[in-house]
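Each remark here refers to the structure printed beneath this line.
Throughout, protein chains are lettered first and strands after them, A, B, ... in sequence-line order, and every chain is numbered starting at 1.
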Amino acid sequence: MWDLDRWQEIGHTLSRHKLRTGLTAFGVFWGIFMLVLLLGAGNSLKQGAIDRFSGNTNTIYIWVGSPTQYAYKGFAKGRRVDWNIDARDMLRKKLEGAEVVVEINELGGWQAEQYIVHNKRSGTFVARGTHPEVALNSGYAPIKGRFVNANDYDQKRKVAVLGAEVYKQIFEPGEDPVGQSIKIAGIHFMIIGVYKSIIASENSRRDDSRILIPNSTLRTAFNQTEYIGSLRIKPKNGVSAVKVEEQALALLKEYHHVHPQDTTAFGYYNTEKNYMKVVALFNGLNAFSWFVALGTLLAGVIGVGNIMLIVVKEKTREIGLRKALGATRGSIVGLIIQEALVITALAGYIGLVAGVAILELFAILLVKFDIPGFGAPSINFTTAITALVLLIISGLLATLLPAHKAAAVNPITALQDD
Amino acid sequence: MISLEGIHKHYTSDSRRLHVLKGVNLSIDDGEMVSIMGSSGSGKSTLLNILGLLDTYDHGAYQLGDTVISAGLSEAKAAQLRNRFIGFVFQSFNLLPFKSALENVALPLYYQKIGRKARNYRAEKLLDMVGLGERTKNMPNELSGGQKQRVAIARALITDPRMILADEPTGALDSATTDDVMTVFKEVHRTGKTIVIVTHEHDIAEQTERLILLKDGQVERE
């Protein structure tokens, strides 16, 4: 209920000691401000790190590794696994946790560069076979035209998507490449689009220096019908990529007569492991941020409690008079609590707004100066509300002792003349 | 009528039990103006606190008009009864320094949850009655001692109490101002209010209808 008298009294108490009130409020302000900044910065770093996965948070890559370590089922050790497209088909059949199993080939072998020609311009780039499903979570964004689709793949069309760096080197600036032709290792391909890696990282330039063609086309046009370079496996929703990786390796070892204990016959990389490490790291950082900020906030709130104790001491006579005039314990306690809450809530709210404003400013600067490695610094609404609720509860707790002391003031002793 | 019968009060101080009031019997009629005198330690302040419901008694009986005040009166109930039935005037005025004369006078009605407009209306009338109709907006530090005490009297009257308890109301005033304040008390008395003044000044006591002399925790003479 709006009570002008009470607000006037609170205003009077707070304005009577402006410096003291200001410093007390600053403690609370700083606590919530730091909480917002730390959490926002943590979120920015976390998002930056997660963005580097470009959606590949649970993708498994498997390739043929070193020669076998053990003799097994009649095969001598030191044998290099000779796999082909059958391995992919076997996994598609037997690997229950997998949503997608695709093969990835590169023309001429892994990271081998090809001579690419367009009219009178040319360069050497990696030509990689790709799949329509891969585009969705590879962190590529088309900047012209489109990506490889299912029809391209199924019909083994001779179409190509250029990385932005490739486009820059073999086309005139501003020239529309879509519909034009390039020659990859002597075979003509029609350009259907240009992509750019959307993740700013040290690998961006390498990713943008590739030419992507349907892997089905690559295998048939360049005589790699049976050959596979590596496998890319995406688990079904809710299935752990680590488990799927274990199952896939076990199936591949069994299929190629490799000893189950062999650790080098197949190379593998699982983005989920790195992703989980990053998530764990930033969760830790997040917890640390809360710890530091709550500590600061606690100090601020204790400051409020201390100040309210002093306020009660100073107002002993006034409280005694109010009680003599009919004030109940409840009204005295209410007055003290309301005073403390005004300081904590107001200072906390200003801290929250200031923190969010700083985060917004950083977000603008990150975009303006195109600083890589960070996501937009922000805190979510729930976190902000949690922080405010915590603040108000802490403010209430910090005021309990002073309010109790105020309620216990004896009007007889309070009103005694010195 | 206010009546006290066999009121006893003990205090414990430094593990010593002090028997401050030793069976005080007293009755004050409605509309009476009495003064209580006594030397230091006679128990007059304790008696005033019990009369004003600021303190409880150990044994005896206390009746304030139709209301029986029990020995174990709760703090909340005492606050409510004080607010409704008793007006206080203190030696050092006890005005809130950050409130105007009008707001000080209106304060007891705030605890009766009476609206601001109604409070201020009644406060204005009372300030007018005590001769401070032009000073309603003045802050306490802009008023003389006599004016402050008149504000305090107006505050004591605002709840239309059964009894005004004044504790050395002229103790901090010069003789001319004392006369002014006593004139106000007498005017209030003429309206039918019961007034109890605790004083150590004989000339103040002489201006009341009856003097109650306390000695060693008992009424020595009336």
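- At most 12 non-hydrogen atoms from other residues, nucleotides or ligands lie less than 6.0 angstrom from NZ of B:K125.
- Counted within 6.0 Å of CG on A:N237, heavy atoms from surrounding residues, nucleotides or ligands total 12 or fewer; the atom is thus considered open.
- With hydrogens and angles ignored, the 3.5 Å screen pairs a side-chain donor or acceptor of B:R82 with a backbone N or O of A:K323.
- Within 6.0 Å of NE2 on B:H10 lie more than 12 heavy atoms contributed by other residues, nucleotides or ligands.
- The candidate from B:Q80, B:E103, B:R155 with the greatest count of non-hydrogen atom pairs under 4.5 Å with chain A is B:R155.
- Distance check: A:L321 CG to B:L95 CG gives 8.0 Å after rounding to the nearest 0.5 Å.
- Heavy atoms from other residues, nucleotides or ligands lying under 6.0 Å from CZ of A:F362 number 12 at most.
- Considering all non-hydrogen atoms of both residues, B:Y111 and A:S331 come closest at CE2-OG, 3.8 Å.
- Between A:A327 and B:A79, the closest heavy-atom pair is O-CB, 3.8 Å.
- Listed here is the closest heavy atom pair of B:E75 and A:A407: OE2-O, 3.9 Å.
- Counting heavy atoms of neighbouring residues, nucleotides and ligands inside a 6.0 Å radius, atom NE2 of B:H202 does not exceed 12 of them.
- Nearest heavy-atom pair, B:F90 versus A:A324, reported as atom, atom and distance to 0.1 Å: CZ-CB, 4.3 Å.
- The nearest pair of heavy atoms linking A:I412 to B:N49 is CG2-ND2, 3.2 Å.
- In this structure, B:K99 places its NZ atom where more than 12 heavy-atom neighbours from other residues, nucleotides or ligands lie under 6.0 Å away.
- Contact of B:F88 with chain A is made through the side chain alone, with heavy-atom distances under 4.5 Å.
- With a 4.5 angstrom heavy-atom cutoff, B:L54 touches chain A via backbone and side-chain atoms both.
- In B:Y11, the OH atom is crowded: over 12 heavy atoms of neighbouring residues, nucleotides or ligands sit closer than 6.0 Å.
- Heavy-atom neighbours of A:Y349 OH from other residues, nucleotides or ligands within 6.0 Å: at or below the threshold of 12.
- Note: B:N94 CG to A:R322 CZ = 12.0 Å, rounded to the nearest 0.5 Å.
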